[in-house]
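These notes are about the structure you will find just below.
Below, chains carry the letters A, B, ... as their sequence lines are ordered, and counting in each starts from 1.
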Amino acid sequence: MLRQIEGSRAVAQAVALCRPEVICAYPISPQTHIVEALGEAVKSGALSPCEFINVESEFSAMSVAIGASAAGARAYTATASQGLLFMAEAVYNASGLGLPIVMTVANRAIGAPINIWNDHSDSMSQRDCGWLQLFAENNQEALDLHIQAFKLGEELSMPVMVCMDGFILTHATERVDMPAQPEVDAFLPPYEPRQVLDPSEPVSIGAMVGPEAFMEVRYLAHAKQTMALERIPQIAEEFARRFGRSSGGLVRAYRCEDAETIVVALGSVLGTLKDAADELRDGGLRVGVLGIQSFRPFPLAAVRAALHGAKRVVVLEKSFSVGLGGIVSTDVRVALSGLTLHGYTVIAGLGGRAITKASLVRTLTEAIADRLAPLTFMDLDWRIVERQLQREAATRRSGPVAENLLRDVGPVASKVR
Amino acid sequence: MKKPFAITLDPGSSLANKTGSWRTERPVYVDRLPPCNAQCPAGEDIQGWLFRAEGGDYEAAWRHLTRENPFPAIMGRVCYHSCEEVCNRGQLDAAVGINSVERFLGDEALKRGWGFAPPATESGKHVLVVGAGPSGMSAAYHLRCLGHGVTVKEAGPMLGGMLRFGIPRYRLPREVLDGEMQRVVDQGVAVELNARVACIADEMRIGRFDAVFLAVGAHIAKRAYIPAKDSARILDAVAVLRSMEGEEPPMLGRRVVVYGGGNTAIDVARTARRLGATEAIVVYRRTREKMPAHDLELEEALQEGVMVKWLSTIRRAGEGALTIEKMALDDSGNPQPTGEFETLETDSLVLALGQDVDLSLLEGVPGLELKDGVVQVDPLTMMTGHPGLFAGGDMVPAQRNVTVAVGHGKKAARCIDAWLRGARMPAAPKHALATFERLNVWYYSDAPKTVRPQLEIARRTSSFDEVQGGLTEDNALFEARRCLSCGNCFECDNCYGVCPDNAVIKLGAGKRFAFNYDYCKGCGICAAECPCGAIEMVPESV
Amino acid sequence: MTAEIKFYQTGTFTVGNRLLAPELHSVQASIERSNSLNSGHRACQGCGEALGARYAVDAAMRATSNRLIACNATGCLEVFSTPYPETSWQLPWIHSLFGNAAAVGTGIAAALKVKGKTDVRVIAQGGDGGTTDIGFGCLSGMFERNDDVLYICYDNEAYMNTGVQRSSATPPAARTATTMAVGPRPGASFGQGKNLPLIAMAHRIPYVATATVADLHDLEAKVDTAMRVRGARYLHVLVPCPLGWGSASHDTIRLARLARETGLFPVFEAEHGEVTAVTHIRRRVSVLEYLRPQRRFAHLFGTPGHPEMLARIQEEADRNIRRFGLLDASEA
Amino acid sequence: MLQVRIHGRGGQGVVTAAEMLSVAAFEQGRYAQAFPSFGSERTGAPVVAFCRIDERDIRLREPIIAPDVLIVQDPTLLYQVDVFQGLKPDGFVLINSKRSFDELGLGDIALRYRRERLISLPATEIALKHLGRPLPNAVLLGGFAALSGLIRLEAVAHAIRDRFAGKLARDNVAAATAAFEYVNRRVQELAHAQTN
């Protein structure tokens with residue numbers, strides 16, 4: 001059924017359709033609307049049976065989910081940014097124990113300086129935690145990916161993160177096709193745990209494992225993600241068959257056939273990118289866009305297959321490995337090892353910096369002309385940066401960076417963006 | 001359920017890990033000798049019968065007790081129970097009332113008419129016992145239990161010896177005495193009364209006895225020279241007490257003086273009060289501390305109005321009056337004359353200066369050694385210098401009291417048995433003593449001693465009713481349970497409970513416990529927390 | 001006559017209570033003891049925690065007729081009980097992290113509730129570090145939500161698993177690897193540390209109790225009481241640690257007993273924030289008797305020693321005795 | 001594609017207005033995308049919300065830089081924020097005020113645009129009249145429907161009912177209708193003025 005609703009509410013409804021049995025809620029922007037809506041659903045009885053628990057921290061949220069999942073319940077929580085970092089220890093634990101928890105990450109920057117706006121630093125920080133990481137391009141996909149995530153995670157007994165851009169998607173009201181309960185029930189069977197705390201069959205879960213077996217445990221986790229590389233497209237296919245639209249999968253190519261330049265990106269920016277690509281193509285430039293839906297497991301083969309024909313690859317990321325550069329770029333490079341084509345990394349939209357079509361067109365045009373620096377920070381205000389660098393060179397006590405910059409930027413309220 | 005590798009483990013699998021290998025010391029269950037048992041002259045297993053008594057099975061307790069001593073009812077009255085002086089519980093609150101429980105059991109037995117089974121097999125040997133006192137009758141009992149034929153020859157008209165002629169009935173009612181003596185006789189012991197043995201040598205030859213146990217006691221009153229007018233009325237204690245068993249009681253008068261410091265002196269004084277003497281005065285040359293009489297008895301005597309003149313000797317006995325000289329202790333604690341004199345009015349003077357043994361029957365027995373008026377015996381076997389001739393009780397060198405005598409009887413009987421079988425009496429292996437330090441007394445509840453009811457003074461001085469009452473069943477049970485079971489496991493489950501490694505195996509009621517050395521790490525908590533000190537930590541040999 | 005007798009410890013510890021009726025002589029009399037924490041675990045010799053945990057969990061198992069799930073914080077108990085490939089646990093058990101045992105318990109309880117398995121109950125357990133320090137937030141949250149979990153803290157007064165470092169349960173003057181016995185004020189500082197049972201009571205949860213391994217039957221009874229209640233419950237058990245306390249392995253129970261008899265560790269029960277019962281001191285002893293056998297306090301003794309610190313510890317004990325009324329009316 | 005930018009202050013329902021507008025468009029079978037100027041602004045602070053309306057799926061995610069329609073919920077913003085930034089020359093402007101553009105001191109700015117597309121509407125007064133509360137957002141949507149002719153009043157009414165319930169919904173619809181008529185009149189007056 002078509003609805004015009006806010007992304008957070010759309011996701012909340014999708015999660016509710018998956019019949020979660022335990023939901024842990026702790027507020028942090030921009031994820032909050034999702035658990036608010038779920039809390040409402042549980043209170044009203046619309047979602048039942050379900051335990052909605054207001055925990056005292058994200059660390060506790062993930063821990064409660066761990067306990068619930070280990071006891072055989074379908075568990076869900078949502079977080080973002082600092083919250084994800086605060087629960088990091090438990091995040092690793094959930095995957096280490098192989099508990100198929102599903103968690104929405106409403107992607108947001110990480111401080112300091114504190115910043116509530118969108119980029120991918122938070123989920124990227126958990127890149128290696130052993131969770132599957134799926135990225136949504138729009139609210140429809142965010143909604144669909146949650147339904148697929150429960151199925152995928154529970155089959156493999158691995159936890160899944162569904163990443164959606166904070167505010168840009170979570171707070172955007174747009175059209176979504178909301179499936180009906182029977183459809184979802186037919187697609188997603190009840191949770192059948194691989195291991196469960198049950199007095200009638202007692203087991204010890206979470207034993208201490210020494211050097212004699214730890215590597216094997218880790219390898220097996222990797223093996224599962226490798227299996228996921230097969231299951232993700234299959235599940236996306238089945239989903240498409242049942243629900244009549246394609247969502248998820250490993251990667252999605254837009255106008256990549258015959259493309260000389262392909263832009264690789266994750267999340268909501270893909271939309272703007274596609275518009276930009278259309279514009280460039282109208283100008284006769286052969287540009288395509290490759291969206292990565294599954295960042296973990298990283299689909300090396302699929303990415304290579306999509307890119308090997310191109311002349312140049314631009315990886316556009318909303319994350320940044322300080323001291324190195326691109327994070328996604330690094331993975332893409334692994335996928336392309338052996339191939340010789342121009343590669344550019346464009347860091348954009350950190351901390352919510354608007355990514356405009358105009359800037360994209362300009363940047364890509366430079367890339368196509370191979371005038372772009374290998375590592376480019378789109379729309380970076382060099383004036384401010386240089387002024388601060390001078391300041392630091394001049395005086396030892398140059399003061400707090402963020403505050404200095406704000407002074408240089410001037411009153412924000414007078415700007416529309 | 002395909003469980004995740006290494007993350008998820010099957011229950012209880014750690015049993016594969018034998019932590020016993022960590023041990024440097026291992027706990028071992030031991031049995032130790034409780035001080036009461038060690039102390040008992042009759043060698044009773046006091047802790048053993050108390051343990052059975054606490055269960056409420058009094059007959060079992062009684063049978064356990066009488067394996068060592070056939071006279072619990074008598075013991076419960078006349079034994080000075082030195083066992084209670086060494087009882088570890090004494091250091092906690094008050095010693096367990098062993099003596100009163102023993103008496104309770106003895107009385108129960110008499111009341112219920114429990115008896116001794118005759119021996120399963122007869123040995124065909126025949127032993128003569130001379131003297132039907134506590135020692136002789138104890139010997140007779142044990143010999144009979146061992147299957148030997150026994151003949152007891154008693155000079156007196158009744159069984160009991162000094163129990164009858166030396167101990168007043170207010171301390172030992174005669175029905176009790178008769179009851180326990182008769183029980184031994186009923187076991188198949190031949191008794192000849194008024195059968196004085198003049199010459200033991202002849203007796204052995206004529207009676208063709210395989211062995212003899214002599215226990216004639218010490219019945220001859222010691223005399224002391226006291227210048228006296230003929231009119232002075234002077235009697236001896238043995239005679240006085242013996243005549244109490246006859247038809248008419250002795251004439252002592254209203255004012256009686258008893259000369260001596262032993263239990264007999266006290267007995268006579270207390271008897272005199274009961275015979276109507278308004279004044280009964282004991283004259284003793286030393287101080288109370290030095291008095292050989294049992295303090296308990298002295299206490300009772302004083303309660304009954306008996307008076308004592310300490311540090312006094314009798315110099316002269318005149319008509320109705322005595323001359324007393326005050327004494328003073330010298331540095332070595334011996335009394336010395338002071339030259340101070342006083343006069344003491346009295347109707348009669350009773351001499352209680354101790355007794356001698358009548359050794360006349362021993363003349364002409366080769367190898368026999370007499371010393372200080374008593375017969376010398378091998379303390380291990382109770383055998384005299386003459387093979388097959390054993391002796392015990394007051395006629396051998398030892399403390400003269402009923403319990404010692406009973407103990408001699410038992411010991412002699414067992415040695416006679418061994419001797420008859422041509423064996424040597426194996427020295428019973430003695431466990432180390434269960435000292436107070438080895439106990440963990442925390443676990444024992446505070447439980448004050450049960451005091452036995454006492455006959456009120458008025459009736460004590462006017463009648464020969466028994467002074468010391470018995471315990472009710474409740475009290476007896478309670479008293480028995482106050483036992484700490486020093487040195488011997490009583491299955492409190494403590495070791496089973498406190499082991500951090502579950503390495504103690506409970507074998508079930510009455511079977512105690514075993515250690516599972518596969519898992520015992522040797523921490524020693526079980527030993528430290530064992531209340532009765534029945535676990536010992538011994539180093540592992542490496 | 002028998003009415004006058006006070007029975008201080010009965011049950012397993014009927015020791016010396018032969019004065020009791022035979023059926024009361026022992027509760028461990030069953031030869032088939034369940035041993036939820038099985039032999040073969042790797043705890044140190046004389047480990048108080050191993051002992052306390054076995055009793056607590058066994059009691060909880062009995063109270064729930066074995067319909068029980070346990071979760072465990074990181075720490076000695078977790079490490080010595082489940083080194084791959086072996087586990088000593090005979091019930092469903094999970095270890096997640098150091099600081100989240102209470103939250104994991106909440107999650108399990110929630111799952112059981114939503115699945116209608118209300119007969120299955122949950123206990124969460126941890127050491128003093130996992131409870132009073134790193135796990136404090138999750139614990140307080142579990143209390144505040146009144147989740148149906150019994151949390152048991154095995155308090156050995158320091159981080160023993162990592163080699164004896166100070167925790168907020170480490171008593172004043174005690175030497176640990178991070179509060180060394182050097183300087184003018186050796187050992188842990190006075191005026192620091194937190195009293196978790198009282199903090200738990202401040203949450204007004206249905207049941208809070210303390211116990212020691214010196215009275216295991218009391219411990220069992222409290223677990224049993226706790227399991228009869230729904231909602232958040234807290235049990236704080238003092239478990240001496242020979243390694244960390246520098247005491248003889250065979251003194252574990254004796255020291256726990258002395259901790260109570262000195263008044264340093266009050267044993268009590270509280271319901272909805274109100275103290276409802278205290279275990280009276282049987283034979284009051286000076287704190288010196290408790291401190292002397294422990295090397296972690298050795299620096300307080302000898303010459304010159306620290307008599308002033310000993311006096312402060314004694315004051316602490318006396319304060320507890322007043323505050324909780326630890327003496328019998330007769331003795332007080 | 002029609003791009004609408006709404007200016008206001010935190011607490012005035014600016015975001016709600018954008019969302020309702022998108023719902024109204026959705027009602028008419030259009031694709032719509034509403035989103036706030038993601039911020040941590042608190043009540044009273046200047047805020048902006050956006051709404052895109054199109055016949056086809058909307059992929060663009062950038063903020064609206066060159067709006068076709070400008071709705072200003074709070075005239076005091078005119079002197080703090082460059083609300084006209086990027087407004088298309090033939091764009092529509094709807095300002096919540098009972099004063100005219102000239103009275104608001106926007107005379108010369110007005111010259112840069114088509115006069116008949118610049119309307120000031122006393123939305124707060126209308127809101128107070130119908131709701132008893134100064135909530136101008138739904139009212140302005142009614143005005144927008146009249147001004148742009150891109151959205152039918154019924155669709156706006158539906159969006160209002162979709163968002164609010166019962167009396168509040170009824171009153172808002174009434175207020176929006178009143179605004180719709182008011183703006184219609186003004187537009188005709190202005191058209192006249194121009195033809196003359």
What's the spacing between [X] [atom1] and [Y] [atom2] if we round to 0.5 Å?
{"X": "A/E89", "Y": "C/N100", "atom1": "CD", "atom2": "CG", "result": "7.0 Å"}
{"X": "C/C71", "Y": "A/I66", "atom1": "SG", "atom2": "CD1", "result": "11.0 Å"}
{"X": "A/S204", "Y": "C/I94", "atom1": "OG", "atom2": "CD1", "result": "10.0 Å"}
{"X": "C/H95", "Y": "A/N93", "atom1": "NE2", "atom2": "CG", "result": "7.0 Å"}

Give a yes or no on whether [X] atom [atom1] has more than 12 heavy-atom contacts from other residues, nucleotides or ligands under 6.0 Å away.
{"X": "A/M208", "atom1": "CE", "result": "no"}
{"X": "A/I114", "atom1": "CD1", "result": "no"}
{"X": "A/K151", "atom1": "NZ", "result": "yes"}
{"X": "C/R145", "atom1": "CZ", "result": "yes"}

Mind checking whether [X] and [Y] have side chains closer than 4.5 Å, heavy atoms only?
{"X": "C/P92", "Y": "A/D198", "value": "no"}
{"X": "C/M142", "Y": "A/E56", "value": "no"}
{"X": "C/Q90", "Y": "A/P202", "value": "no"}

Which of [options] touches chain A most, by non-hydrogen pairs under 4.5 Å:
{"options": "C/A110, C/A111, C/A103", "answer": "C/A103"}
{"options": "C/S96, C/S140, C/A101", "answer": "C/S96"}
{"options": "C/V79, C/T74, C/I108", "answer": "C/I108"}
{"options": "C/T106, C/L97, C/D147", "answer": "C/L97"}

Problem - Shortest non-hydrogen contact between C/V120 and A/P199, atoms and distance - result: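 Taking every non-hydrogen atom into account, CG1-CG, 3.7 Å.
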
Exercise for the section: Could you tell me which non-hydrogen atom of A/F59 sits nearest to which non-hydrogen atom of C/G99, and how far apart they are? Expected result: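 Answer, listing the atom of A/F59 first, then C/G99: CE2-O, 3.4 Å.
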
Counting only heavy atoms closer than 4.5 Å, note whether [X] contacts chain C via side chain, backbone, both or neither.
{"X": "A/A90", "value": "both"}
{"X": "A/L197", "value": "both"}
{"X": "A/V55", "value": "both"}
{"X": "A/S60", "value": "both"}

Practice task
Measure distances from C/I69 to the heavy atoms of chain A and classify the residue's part below 4.5 Å as side chain, backbone, both or neither.
Solution key: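 For C/I69, the contact with chain A is made by the side chain alone.
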
Problem - Contact origin within C/R67 toward chain A - heavy atom pairs under 4.5 Å - result: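 Both parts, backbone and side chain.
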
Problem - Donor-acceptor contact below 3.5 Å, side chain C/K115 vs main chain A/E21 - result: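 Such a contact is absent between C/K115 side chain and A/E21 backbone.
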
